[in-house]
Amino acid sequence: MKAVFLDEQQRLNSVLNVINDQTFQLESETLKLRNEVVNTRKHFWDEIKVNTDSFDDFLETVINLRQEAQALAVGESTHHYASKRLAVLHRMKSVPYFGRIDFLEEGFSEQEKIYIGISSLMDASGEDFLIYDWRAPISSVYYDYEPGPAQYTTPGGKVYGDLKEKWQYVIRDGKLQSMFDTSLTIGDEILQKVLGKGVDKYMQSIVATIQKDQNRIIRHDQGRMLIVHGAAGSGKTSAALQRIAFLLYKYRDRIKADQIILFSPNAMFNSYVSNVLPELGEENMQQVTFQEYLDHRLSKDFHLENPYHQLEYVLTAANNPSYSARIKGIQFKASVKFFEAIKLYRETLEKSGLLFKDVKFRGKMIFSSQQLSETFYREHISLSFQSRLEKLKDWLMNKIKEIEKVERSQPWVEEEIELLSDETYHKIHKYLAKKNGFEREEQADYEMDQDALIQVIVRLKLKAVRKQIQTLDFIDLEGIYKQLFTDPLLMQQQLKVEVPDEWQAICEDTLQILESGTLYYEDATPFLFLQELIQGFQTNRSIKHILIDEAQDYSPFQFEFLKRLFPSAKMTVLGDFNQAIFAHASGVGDFQTLNHLYGEEQTEVINMTRSYRSTKPIIEFTRNLIANGEKIIPFDRAGELPVLTEVENHTDLHQCILSKISELQSKGYGSIAVICKSAEESKAAFEALNKIDGIKLIKSGTVEFEKGVIVIPSYLAKGIEFEAVIIYDASENVYGDESLRRVFYTACTRAMHVLQLYSVGRPSSFMQKALDGNLLQHELTS
């Protein structure tokens, strides 16, 4: 074995020499390319002779300009790709590869040694692979097979053969530390080392430890929708990010990073996962939260409630008299039933109910809402809804031309001219001179006609009205949406939709909040959908793939909306309904409601039941908190039992937590989270624990994931992991309602190595099964 190890180190040294040679050469080329691009930009116009004396001269100028622009674009593109490759080579210096398969292809007599790393590497001749990219077709054998018959798929078809041996390498800073001959996908030795490490500020690439079920997600390539339903800690997010890297590699001639969007749960999560693709030599995709999209579209007209404010209400306002109606309203407005009702409602507006705003100019009404309504429902009634709106818009624009002529003779125009600033006067003078054919050097000689000045002044003043008409902003969208709730019988009698028993109270609550200028989170997507159905859908066909993480937090309504928003995109959907903590998901246990989006033949569901994040004792405890938890399979990583400590009051609680954090820090834990049920509880806990040096309170607006000691609400901790987790108060008083079971489970599953629970008084009944099974160490303070 020692001789084999020495041979492998010698090969590693040889590979590193090739990497160093290519790095040196590419650094020189990159510098040269950079200087060429800078020089081209600097002297861009020097190479172009601008001549517009004749059409031929003008055409020659345009051709020269296009040629120079193309040359610059090619230079910038070449420099960009050279820089990307150089960054990959620098990463490969530390860990050139992590695995090897010895594969004998069918029909050949000699087996080939295939070394696998984050990127391909050719030898100096450019003919032989020293390293294969982990995304290459043959690399799938490493992840999917034990020694024996194996196959992989290429664009030319399937390749069959025998996997003779499979090796794993631990290489650090260019030195071979250890190597394993394994018959498993990924040997426990390496995975144990990876999982046993501490938490970094950013999520790391998992290419060296991809498991078979994760590889299936990464390389999945059929249909329009892939749904990954995975247990907490199963690696579904990591696998999905590697999937994006795989798609960018496989379809590099058809799809770019900016044609992929990740919808993530919050801005802090965006920061946490932002390192994965760059680590693999790929550019980051677009990252956005659904709330950011809603803000972009609606915040100019409403104060928008965000999902965490909604959830804070759900977690803390159970004693509110309108609580039950609000919860039922959230669930109804999130449903496919309400989605279909909105579509049907828009159809009824073709006959009646479309409301308009008065159109005003200088404080005076020029078109009344009634006049607009009568015109819409009287004229062009044989045309489609959208065409009738276009005709109404055209009619209004023609009327504006008539109004413009009348306004030119009104006294206010002379007053405006007298009040013109010198700057504005000169801008108008320059505009009219240019319009009348005066060259730049002749514009000072232009004598501005008074009538022309009047026309410009009136046109400028009517600009806002024209914009209101062009954007269909004269339609009273808020009033139209309110109509759904003004008459409680509209939904049942006209639209034939079955509504909740509390519909009257839901209507009153919705109207009250709309009157205040606020839009509930559960109303935002339905309102926007109705707006799109009336004004025209703003689809985005450039996006080719969307990735939705924590998908259990999205309503069926939101999925329907996203499908229409991105009609050319495929979807990868990741979630865990055991962590479905939003009110709209109450009672829902899987993603069956999504099968109809693209049809079952275009949809595949992959279930991931093995959990890697936490130690075995922690997983055995957390899986007892939920129904069907026995289906979750823990990775066999040793650790201590979770501990439940009962205290008598909050003074004792805070003293215990301070002592526990000090103990954890002394043991070297660098990522410790005190997880509370809500933001309200988090604020109180933070104020009590602020003696801890560097402690931070995480809020819904926190942008960057922080190491150290943090206090965080349960719902913001989703998707993130911590070396040690302290559940602030796991008492029956805090987690007593069955609706909070998933919240509690989500909080507990954030722990990697240590899980400490405290209870002020009687512990939550959620833990009784674990206590009976001795899966939890139970302590009482004196």
Side-chain angles (χ1 to χ4, degrees), residues 294-305 333 338-339 341-381 383-400 403 462-491 494-495 506-520 522-538 561:
L294 293 176
D295 284 336
H296 169 68
R297 296 296 306 278
L298 296 172
S299 60
K300 65 178 177 32
D301 298 315
F302 296 99
H303 170 71
L304 287 181
E305 178 190 49
K333 292 171 184 175
F338 193 52
F339 181 85
I342 294 287
K343 287 200 295 184
L344 186 58
Y345 177 48
R346 211 291 288 144
E347 290 175 13
T348 68
L349 297 178
E350 296 183 14
K351 295 182 179 178
S352 65
L354 192 63
L355 304 179
F356 298 91
K357 304 173 189 173
D358 294 334
V359 179
K360 297 180 179 180
F361 177 62
R362 300 187 72 252
K364 293 189 296 183
M365 183 173 64
I366 54 176
F367 303 107
S368 71
S369 58
Q370 184 178 352
Q371 182 184 8
L372 295 176
S373 180
E374 289 172 355
T375 304
F376 178 79
Y377 285 114
R378 183 181 66 240
E379 305 288 338
H380 310 293
I381 55 176
L383 298 178
S384 69
F385 183 81
Q386 297 295 339
S387 297
R388 288 162 68 187
L389 281 177
E390 286 298 316
K391 290 289 186 183
L392 180 59
K393 186 168 74 172
D394 293 343
W395 178 77
L396 285 169
M397 292 301 286
N398 287 327
K399 287 291 184 183
I400 290 296
I403 291 170
L462 279 165
K463 185 178 180 181
V465 178
R466 280 195 176 86
K467 184 179 179 183
Q468 182 186 8
I469 294 168
Q470 288 286 2
T471 59
L472 298 177
D473 196 34
F474 57 89
I475 299 174
D476 184 6
L477 294 166
E478 184 179 344
I480 295 167
Y481 189 69
K482 281 180 178 177
Q483 283 181 152
L484 282 167
F485 309 97
T486 305
D487 179 4
L489 297 179
L490 170 67
M491 194 72 72
Q494 189 173 345
L495 302 181
I506 292 169
C507 288
E508 292 172 1
D509 184 37
T510 305
L511 289 172
Q512 184 178 355
I513 200 73
L514 284 168
E515 288 294 336
S516 72
T518 297
L519 201 59
Y520 277 146
E522 63 267 27
D523 283 301
T525 310
F527 181 92
L528 186 55
F529 181 54
L530 180 61
Q531 176 180 314
E532 301 279 70
L533 289 175
I534 292 171
Q535 295 185 336
F537 227 85
Q538 296 188 21
F561 182 79

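Values reported hereafter were calculated over all heavy atoms of this structure, with side chains retained and with hydrogens, waters and symmetry mates removed. Start at 1 with the first residue, then count along the sequence.
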**Q** Counting neighbours of CD on Q512 that are heavy atoms of other residues, nucleotides or ligands and sit closer than 6.0 Å, is the number greater than 12?
**A** no
**Q** How long is the straight-line distance from CG of L298 back to NZ of K300, given to the nearest 0.5 Å?
**A** 8.0 Å
**Q** Check the pair L396 / V465 against side chain to side chain contact (heavy atoms under 4.5 Å, CB included), numbers first and verdict last.
**A** CA-CA 10 Å; L396 285 169; V465 178; over 6 Å; no
**Q** When you measure from the side chain of Y345 to the backbone of Q483, do you find a donor-acceptor pair of N or O atoms at a distance under 3.5 Å?
**A** no
**Q** Sub-3.5 Å donor-acceptor pair from the side chain of T375 to the main-chain atoms of Q371, do we have one?
**A** yes
**Q** Counting only heavy atoms from other residues, nucleotides and ligands, does the tally under 6.0 Å from NZ of K391 exceed 12?
**A** no
**Q** So, are D473 and K467 salt-bridged, with charged N and O less than 4.0 Å apart?
**A** no
**Q** Going from CG on L383 to CG on L389, what distance comes out if it is rounded to the nearest 0.5 angstrom?
**A** 11.0 Å
**Q** Would you check if L514 and L519 make a side-chain contact, meaning some heavy-atom pair closer than 4.5 Å?
**A** yes
**Q** Does a side-chain N-to-carboxylate-O contact under 4.0 Å join K343 and E347?
**A** no
**Q** Please find the pair of heavy atoms, one from L349 and one from Y377, that lie closest to each other, and give the distance.
**A** O-OH, 2.6 Å
**Q** Distance from Y520 atom OH to I506 atom CD1, nearest 0.5 Å?
**A** 11.0 Å
**Q** Is the distance between the ring centroids of F385 and F376 under 6.0 Å?
**A** yes
**Q** When you look at Q535 and L477, which way does the side chain to side chain contact (heavy atoms under 4.5 Å, CB included) test go after all the steps?
**A** CA-CA 10 Å; Q535 295 185 336; L477 294 166; 3.5 Å; yes
**Q** Short question: side chain of D476, backbone of K357 - any donor-acceptor pair under 3.5 Å?
**A** no
**Q** Using the ring centroid of each side chain, check whether F561 and F537 are separated by less than 6.0 Å.
**A** yes
**Q** Rounded to the nearest 0.5 Å, what separation is found between the CZ atom of F356 and the CD1 atom of I480?
**A** 7.0 Å
**Q** If every non-hydrogen atom of Q470 is compared with every non-hydrogen atom of K393, which pair is closest and at what distance?
**A** O-NZ, 3.5 Å
**Q** Can you list the steps and then say if E374 with Q370 is a side-chain hydrogen bond (donor to acceptor under 3.5 Å, both in side chains)?
**A** CA-CA 6 Å; E374 289 172 355; Q370 184 178 352; 3.1 Å; yes
**Q** How long is the span from the CD1 atom in I469 to the CD1 atom in I475, to the nearest 0.5 Å?
**A** 12.0 Å
**Q** Do I513 and S516 come close enough that some side-chain heavy atom pair is under 4.5 Å?
**A** yes
**Q** Measure from the side-chain N and O atoms of Q468 to the backbone N and O of V359, and report whether any donor-acceptor pair falls under 3.5 Å.
**A** no
**Q** Specify the closest pair of heavy atoms between A524 and L294, including all atoms of both residues, with the distance to one decimal.
**A** CB-CD1, 3.9 Å
**Q** With no hydrogens and no angle check, is any side-chain donor or acceptor of R388 less than 3.5 Å from a backbone partner on E350?
**A** yes
**Q** Any cation-pi pair here, K333 with F485, using under 6.0 Å and within 45°?
**A** yes
**Q** Say you draw a straight line from NE2 of H296 to CG of L528; how long is it, rounded to the nearest 0.5 Å?
**A** 10.0 Å
**Q** Examine distances only and state if a side-chain atom of E305 and a backbone atom of T518 form a donor-acceptor pair shorter than 3.5 Å.
**A** no
**Q** Does any non-hydrogen side-chain atom of L495 lie less than 4.5 Å from one of L484?
**A** yes
**Q** Test side chain to side chain contact (heavy atoms under 4.5 Å, CB included) on L344 and Q494; report intermediate values, then the result.
**A** CA-CA 10 Å; L344 186 58; Q494 189 173 345; over 6 Å; no
**Q** Run the side chain to side chain contact (heavy atoms under 4.5 Å, CB included) test on T525 and F339 for me, step by step, so that the C-alpha distance in whole Å, both residues' side-chain angles and the decisive distance to 0.1 Å come before the verdict.
**A** CA-CA 10 Å; T525 310; F339 181 85; over 6 Å; no
**Q** Please report the closest heavy-atom contact between I400 and I366, naming both atoms and the distance.
**A** CD1-CD1, 4.0 Å
**Q** Hey, do the aromatic rings of F474 and F367 have their centres closer than 6.0 Å?
**A** no
